[in-house]
Amino acid sequence: MKPLNLQQILTDSVLEIRGDGKAGGGLVLAFQSLGNLYLRDPQIHVQEWPFFSSARRGANIRSFLRISRRPIQAACEVTRPSVTVLMDEGATRSADFAQGVLPGGTFVLNTRHSPEECAQHYRLSGRVLTVPGDDIGTKHLKAPIGNVSVYVTVARAIGGFGIEELVDAFLQMLKKRHVPQAVVDRNRAALLATGESICEGVFDETKPGDHAEAEFGGYGPLPVGAQTALRLSQSNRTADYAPSGFRLRFEDPDVKCNGCAACITNCPEGIIRWVPDPERGVLVTGVDVSTFCKLCGECIAVCPENLFKQLPFEERWEEVVAS
Amino acid sequence: MSKTVSGPIPLEHRTTDSGEIYPGAIDLERVREAHIPVYEQREQITADGNTAAAIATLQMWRCILYAGFPITPSTKWIETVASHIAGIKGGKKRVKLMEAEHAVADYMAGAAAACRDLIFPTATSSVGLDHMTETTRSLGASGLGNTMIINVYRATANYPLCIEGDPSDTLAHRDDGFIQLACRGKQQIYDTILQAPCLGMNPDIMTPTMPGFYGLKDSHRNARLTVEPDREIHEFQDAWIPPCPLPGLINGDTAFGNCVTSRWFQGFKVEQKRRIERVFELLPKIGADFERRFGRFGLAFFDSAGWPDDGAADLAVVSMGPDFGTFESVREAYGARAGVRVAGIAVRLLTPFPRAAVRRRLEKAKVVLVVNQAHHSGRGHLTLDVADALADLTKPPRLVSAFAGLGGADVSEGTWERMLEHARGALDGGTLPPWAAFHEGVEL
């Protein structure tokens, strides 16, 4: 499997990049940063934009980036990328981040796993780069956000920039946004730490039929009033939208729920369980995280008794690999 | 008749048929001097469509009051404007956050009537524009060409709800009386907003403007943007915006109309139609001057792609918005493969629709494929406009109507090729349905 020459594509035609992640996870900022980086060269044209719907934080989102030395005309989504990015492994529960990637394409994953493990698990053929961006973010930015690391990793995969230029471009963007100097310094540390954490390899693990572009088969029957059936949470499997490694939990051993019902009215998915209560009006008894919860955090924010929490949840794909 | 009115500030005023004029009420020179430039020289920056729109309005010395109500995620125009203004020490510009969109429109009507020589912009989308409707109708008729609603296209309040780029909102407001300008790409957004007031504030037109661009597809798409120095923008706009001949303070006749009988209402509406149709004459002149000054294409009735010198395309596409770029990217290869000459136009002046210019461009084409991107109960808004434009030709091209990208859905290269193939059926004299819808290379 010979990896694609990304610099050649950028020069001869249009380098197309696609990313999958979750709203609030830094994917959009990573792509904007890459766009800014390449626009520093006046000879290079860039198009960068996100796709998201009305779902809140935690929902799957996509970002697109086109880079070329020629004017870019196409405005449609990128379906046959040369480079694909996985910002949050949780996104793969609902979307195939490798779908339609050109043979020999480059895969950039924000993960603790090795390139070999990822290639086997996701059946990837091409160049695979991994970076533990969330860990780097936690260490330097005080939050498990891998945008800084993904930015550096994608830029390194494409080539053409030294680490000093990558750091400078990113920090300049932060300064334009009037980010406090302390935050700028932490980002600098995260940027520099990323370089030595990137691992890469070339693999050929794709089986026939893997990651094929899905053919659109029409909408099928849509009866009048079908909006209920099309509810985003159902069609988009928003239970899969929770950030990788976390789940919502409701705990009320001392029955502190005061019946305010703020969680019920604010939950966009209607998954708060409750029973009528003669004193309180309603008594919240739990939350159904198995169906639609995408950890938007509304219930956590509004509960006056702090009965909702976001807790670590063990991911299981290592077991799949082992089996 | 001119006299001085006593009061806290003595004001000269004159009585006209349209009301009282107070020439010295606002010292425009002082307003101009108070402007703090955003850019002193031409620069290249990275911006999305919303930011490009915000920068354009911030650079105009005539914009001093920015009224808005946040409509997220379609447009962060008001947030961008507010953030910039908050960062300027000693600046005189002000942001007014209103309680809802209808209040924004009311505020604009009052402020714009109070000083017709300043420009009052806002930005909105979808239901926000719908909420303004009562006032937009008044704005359209009032002669307040100094108001500008930047509309980020998004499906109108709908079932089911969709927040992506679909021009059904602006098309639902075709008859509000605004000059509607469709943009594609950041540069065109920025450039159009700089030119729009020149059109709307012309004394023969005096009609508010509504520049627009697609939600997400352009509002959130980042690319390189060339920004011009404020000074040169001011010189350009001042060359085209003469002092307004109408009253400059609210006196009961200007912002909202009095109640009149049908006979007089009709008279005003006929005049309104005449005013807006003068755009056909003025728009190309403003566009040409913009191009001369800044070296980029200025306002035009439409963008063109692939037209042979004799204008005789086999297959001509009419569309609007950024998806036209995808058409451009497949046009040549498809034409070579299919053995047909393919050309197209992306409409930029939506209202008033440039009938004569469109007819001249399309009259020698054999088949015209019109791609509509908003729901319509018939063959499509754009199709009807094009049909109207071609109606008086003795041998008009065959008109093929398509829908794609409804709700802002992606219009892929495959979809364009499928639509072109569909329209090619008409070249051979085949029978086609009144309309067909397409997505991801498939006819629905």
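A quick note: this is a predicted structure, and the numbers were derived from the prediction, not measured.
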- Item | Plane angle bin for A:Y219 and B:H439 - parallel if under 30°, tilted between 30 and 60°, otherwise perpendicular | parallel
- Task: Search all heavy atoms of A:C76 against all heavy atoms of B:V411 and return the closest pair with its distance.
- Result: CB-O, 3.3 Å
- Report the distance from atom CD of A:E77 to atom OG1 of B:T326, rounding to the nearest 0.5 Å. 10.5 Å
- Message: Would you say that more than 12 heavy atoms from the other residues, nucleotides or ligands in this model lie under 6.0 Å from the CD of A:Q181, or not?
- Response: yes
- Message: With rounding to the nearest 0.5 angstrom, report the CD to OG1 distance, B:E440 to A:T79.
- Response: 8.5 Å
- Query: Which one of A:F52, A:W49, A:F51 satisfies the ring pair (Phe, Tyr, Trp, His ring centres under 6.0 Å) criterion with B:H220?
  - Reply: A:F52
- Are B:R221 and A:Q47 close enough, and set up right, to give a side chain to side chain contact (heavy atoms under 4.5 Å, CB included), and what steps lead you there? CA-CA 7 Å; B:R221 195 185 304 247; A:Q47 248 189 20; 3.0 Å; yes
- Item | Heavy-atom pair with the smallest gap, counting every atom of B:S329 and A:A74 | OG-CB, 3.9 Å
- Query: Using a cut-off of under 4.5 Å for heavy-atom pairs, which of A:I72, A:V46, A:L39 has the most such pairs with chain B?
  - Reply: A:L39
Under 3.5 Å, side-chain donor or acceptor atoms of residues 161-173 of chain A against the rest of the protein: list the pairs with distances, not counting sequence neighbours.
unit_1 : atom_1 : unit_2 : atom_2 : d
A:D168 : OD2    : A:R40  : NH2    : 3.0
A:D168 : OD2    : A:Q172 : NE2    : 3.4

- Message: Below 4.5 Å, heavy-atom pairs only: which of B:D410, B:T46, B:T415 has the largest tally toward chain A?
- Response: B:D410
